[in-house]
Structure formats: C-alpha cells, structure tokens
Amino acid sequence: MNLPSSPRGQVNPALTSTLLICEHCDTVYRRRPLARGDVARCTRCHAVLERHQRIGLDAMLALVAGVMVVFVQANVWPIITLSLNGEQIRTRLWGIIAMMWQEHSQVVAVLAAATLFFFPLCKMLTLGWLLIFARAGRRAPGFKSLMVLLHYIGPWTMSEVFVLGVLVSIVKAHLYFDVTPDAGVYAYAVLAIFITIFSGIDVRRFWELLPEEAS
Amino acid sequence: MSALPRAHELGLIGCHVCGLVCRDTQIADAACPRCGSALHRRKPNSCARTWALLIAAFILYIPANLLPIMRTVSLGDVDDNTILSGVIELWVKGSPDLAVIVFTASIVVPMMKFLVIGTLLLSVRHCGTTWARTQRAKLYRLVEFIGYWSMLDVFVVSLLTALVQFGFFSQVEPLPGVVYFGLTVVLTMLASMSFDPRLIWDCKDEDD
Ligand SMILES: [Zn+2]
C-alpha cells in the first residue's frame with residue numbers, strides 16, 4: 001500500500017474513510033461497503049470490524065426519546081410490591097439507593113446509582129443531544145468531549161442485570177413474603193431491550209458522518 | 001510478511017477511543033487529531049495494570065465469598081448467607097433454574113475471568129506464543145462481554161434489603177461480603193478493559 005508520506009512532527013489522519021484497523025489484533029483492512037445485514041469480521045481474530053447500520057438518524061432519535069420515556073417510568077413507578085399482614089410496601093430504585101446509602105453500605109449505593117441511573121441517563125442525554133444536531137448535519141457543541149465520554153461510559157450501564165436481579169429477588173423473597181413485580185420492572189425490562197438495540201449501533205460513525213466545520 | 005498487514009508494519013496507529021487510523025509519527029505524546037485522546041500503539045503498561053487489577057480483584061474475592069453477604073431474620077431465626085449458601089437456598093427452596101443463573105453470575109463468571117485473564121497475561125509475556133491464538137482472542141471477547149453480569153447478586157441483596165426495610169417480623173440486612181463482591185466485579189471489569197488483546201498477536205514468527 002502506498003500512502004502519502006506526511007511531514008514528521010505531526011500526526012495526520014491516514015485515509016480515514018478507506019482504512020480500518022481491527023481493534024482486537026491491529027490488522028489493517030480496506031473498508032468495503034456493507035450490504036443490508038452484513039457484518040465485516042476480521043479474518044485474523046474473527047472480531048467484528050463493522051456492522052451495516054440499518055437504523056437512520058431519525059429512527060435513532062426516536063429510539064432515544066422512547067428510552068427517555070421508559071427511563072422516567074422505570075424510576076417513578078415502584079419496582080416490587082410486598083404484601084404482609086394486609087399492608088403493602090412498594091419500593092422504587094431511588095428508595096433502594098437511599099436506603100443503602102443511609103443505613104447499610106455506601107459503596108453498594110454508589111455502584112447501583114451509577115450503573116442503574118447516572119450512566120444510562122448520561123448516555124441517553126448525550127446521544128439525544130448529539131442526534132438533534134446530527135439530523136441537521138452539524139456537530140453538536142461539545143461534540144468531541146461528548147463522543148469520548150460515550151466511549152468511556154458504554155460498558156458501565158447495567159439495567160439488564162438489574163431486571164434479572166429483580167426476578168431473583170422476587171423468587172428469594174417468596175420464601176418469607178408475598179411479593180409481586182410492579183410496573184417499574186416492566187419498564188426496566190423494556191429499557192433493557194432498548195439498551196441491547198443501542199449496543200448494536202456504532203456511534204463512532206458520527207465522526208465521519210459529521211465532518212468538522214471549517215471555523 | 002503475511003497477507004494481512006498489521007498497523008505497525010504500515011506505520012499506522014489506530015485511536016483507541018474513536019478508531020481513527022493515523023500515521024505513526026513516533027512522537028511520544030501524540031494525540032488523535034480527531035478526538036484528542038492520546039495515541040498509543042498498545043494500551044500503555046497493559047500487562048502491569050491488568051496484573052495489578054486482577055490481583056486486587058482476587059484478593060477482594062476471598063472475603064466476598066467467605067463473609068456472609070446477607071442476613072435474614074425470620075421469626076427470630078437469624079440466618080447469614082454467603083454467596084454460595086444463597087445459591088443453595090435458592091436451589092432447595094426456590095427455583096433451581098434461577099439458582100443456576102445466580103451461581104453462573106457470581107461464581108462461574110468471576111472465576112472464569114480470573115483464569116482467562118491470568119492465562120492471557122501469562123501467554124503474552126515476552127514475545128508471546130502462537131498457541132491457540134484465535135481461541136484466546138475469542139475467550140477475551142467472551143470475558144469482556146459477560147463480565148458485568150456478576151453484579152447480579154449485589155442488586156439482589158440491595159433489593160431484598162430495601163423490600164423489608166420496614167421489617168415487621170422479618171428483616172433482611174446486607175453484610176460486608178456484598179461490598180467486597182461489588183468491588184471485585186468493578187475491578188475485574190477494569191482488568192479486562194486494561195488488557196490489550198493486540199498483544200496476543202504480537203509475535204515475530206507470524207505463521208498464519
Ligand atoms: Zn482482528
């Protein structure tokens with residue numbers, strides 16, 4: 001491959017759109033257009049290089065808006081109802097977090113608050129903000145730092161694990177009480193599905209989709 | 001040279017954060033022109049960092065398993081559960097399929113992470129080995145993908161505690177084990193993130 005040489009002392013992007021490096025083994029590929037449903041895999045280590053993106057910007061923004069609605073519901077509606085001697089106790093996510101913080105373990109409270117509330121919220125707000133401007137073909141204010149932020153908070157959202165946790169808790173608590181899942185759990189389940197869809201979307205394409213403005 | 005060129009052979013460097021392909025100018029503190037993150041040929045001090053995080057996680061994993069994670073008080077009956085005894089209780093009294101899920105999430109997954117990341121670290125020492133490269137690369141991706149499911153038990157304990165906080169006859173209380181366990185999960189996640197899978201393929205005699 002003959003790439004144009006660059007002056008020493010500064011870093012130049014090298015043919016951004018035509019080259020692709022496998023993140024798992026450092027093999028260099030030429031990018032090829034992907035058809036619907038295509039997944040490009042690294043022939044050396046079999047990691048996924050690129051997926052065909054079938055979700056457009058409008059659909060993504062709609063998805064983010066949907067997630068925000070479900071997210072509010074998941075946090076406002078109670079998650080589990082416990083009935084005992086005719087009394088009912090309901091608990092919400094923030095009830096759990098506040099209780100762990102005040103009475104038991106602040107480490108656990110921070111872990112739950114971060115992975116179930118702050119990181120997912122941060123991710124959705126950031127994506128929404130970027131998408132609103134992306135639809136107009138522009139980079140949102142703070143584009144660079146927000147894209148870097150998205151990269152780092154990606155692995156720290158755990159709503160899916162929480163849904164399974166609620167299920168296990170209900171079965172465990174059944175030994176002692178009468179417990180039933182509440183609306184909040186269903187909201188969380190929907191949220192988990194949305195998050196799974198989102199994890200299949202590579203937001204890095206924004207970098208190429210939205211060229212830097214000349215200013 | 002093999003048919004598949006690698007970035008360093010072409011004098012290229014890929015940004016870890018945004019994926020941009022840049023020319024490798026050999027500058028010590030080069031930054032990605034697109035996202036501003038520092039450019040590295042390999043994640044810096046990948047092995048040392050991963051070892052440190054993995055060992056710290058393993059040390060915390062011992063109290064996480066030995067100390068009880070939850071106390072249930074039911075009609076004066078005090079019962080302290082460790083992770084394993086919680087799984088057994090779920091198996092005996094609740095549902096065996098959920099017991100298998102909890103066992104997988106809180107015992108199999110962390111153990112597997114220790115073994116897999118430990119093996120990967122040993123295998124990339126010095127110049128690395130060509131032994132089972134594709135399989136090792138796959139194992140790494142698997143471990144990265146399933147790692148966070150280990151948080152399951154932490155959420156279960158928090159939820160159960162919250163449920164019965166107004167405790168009538170019964171009461172549930174988290175015990176220190178759950179804190180150690182939560183920290184173990186976070187540290188193993190950091191360990192698998194700081195490992196650089198490119199090291200698996202860094203060996204002079206490429207014969208693929
Ligand atoms: Zn690869």
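It should be emphasised that the depicted structure is a prediction, and the values quoted were computed from it without experimental measurement. The chains referred to below are lettered A, B, ... by the order of the sequence lines, with proteins before strands, and numbering in each begins at 1.
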A:Leu150 side chain near A:Leu127 side chain, heavy-atom distance below 4.5 Å: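 Answer yes - side chains close enough.
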Within-4.5 Å side-chain heavy-atom neighbours: B:Pro110 and B:Ser150: yes
Side chain, backbone, both or neither of [X] within contact of chain A (heavy atoms, under 4.5 Å):
X        : result
B:Leu175 : neither
B:Val185 : neither
B:Val17  : both
B:Ser37  : side chain
B:Leu90  : side chain
B:Gln135 : neither

Which of the residues [options] is involved in the greatest number of heavy-atom pairs with chain A at under 4.5 angstrom?
options                           : answer
B:Gly147, B:Gly19, B:Gly11        : B:Gly19
B:Cys18, B:Ala99, B:Gly36, B:Ala7 : B:Cys18
B:Arg141, B:Met151, B:His16       : B:Arg141
B:Gly14, B:Ala105, B:Ser158       : B:Ser158

A:Thr27-A:Arg44 side chain donor-acceptor pair, cut-off 3.5 Å: yes
Which residue out of [options] racks up the most heavy-atom pairs below 4.5 Å with chain B?
options                      : answer
A:Thr115, A:Leu116, A:Ile170 : A:Leu116
A:Val107, A:Leu164, A:Val179 : A:Leu164
A:Lys172, A:Gln106, A:Met147 : A:Lys172
A:Phe206, A:Trp156, A:Phe162 : A:Trp156

Chain B contact via [X] - which portion, at a heavy-atom distance below 4.5 Å:
X        : value
A:Met158 : both
A:Val168 : both
A:Phe143 : neither
A:Ala109 : neither

N-O pairing of [X] and [Y] below 4.0 Å:
X        : Y        : answer
A:Glu23  : A:Arg204 : yes
B:Arg71  : B:Asp79  : no
B:Asp196 : B:Arg42  : no

Parallel, tilted or perpendicular: ring planes of B:Phe195 versus B:Tyr140, cut at 30 and 60 degrees: tilted
Interatomic distance, A:Ile79 atom CD1 to B:Leu159 atom CG [nearest 0.5 angstrom]: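 A:Ile79 atom CD1 to B:Leu159 atom CG measures 6.0 Å (nearest 0.5 Å).
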Aromatic centroids of A:Phe117 and A:Trp94 separated by under 6.0 Å: yes
From CA spacing to verdict: side chain to side chain contact (heavy atoms under 4.5 Å, CB included), B:Met70, B:Leu160: CA-CA 9 Å; B:Met70 186 169 71; B:Leu160 286 177; 3.7 Å; yes
Neighbour count above 12 (heavy atom, 6.0 Å) for A:Arg205 CZ: yes
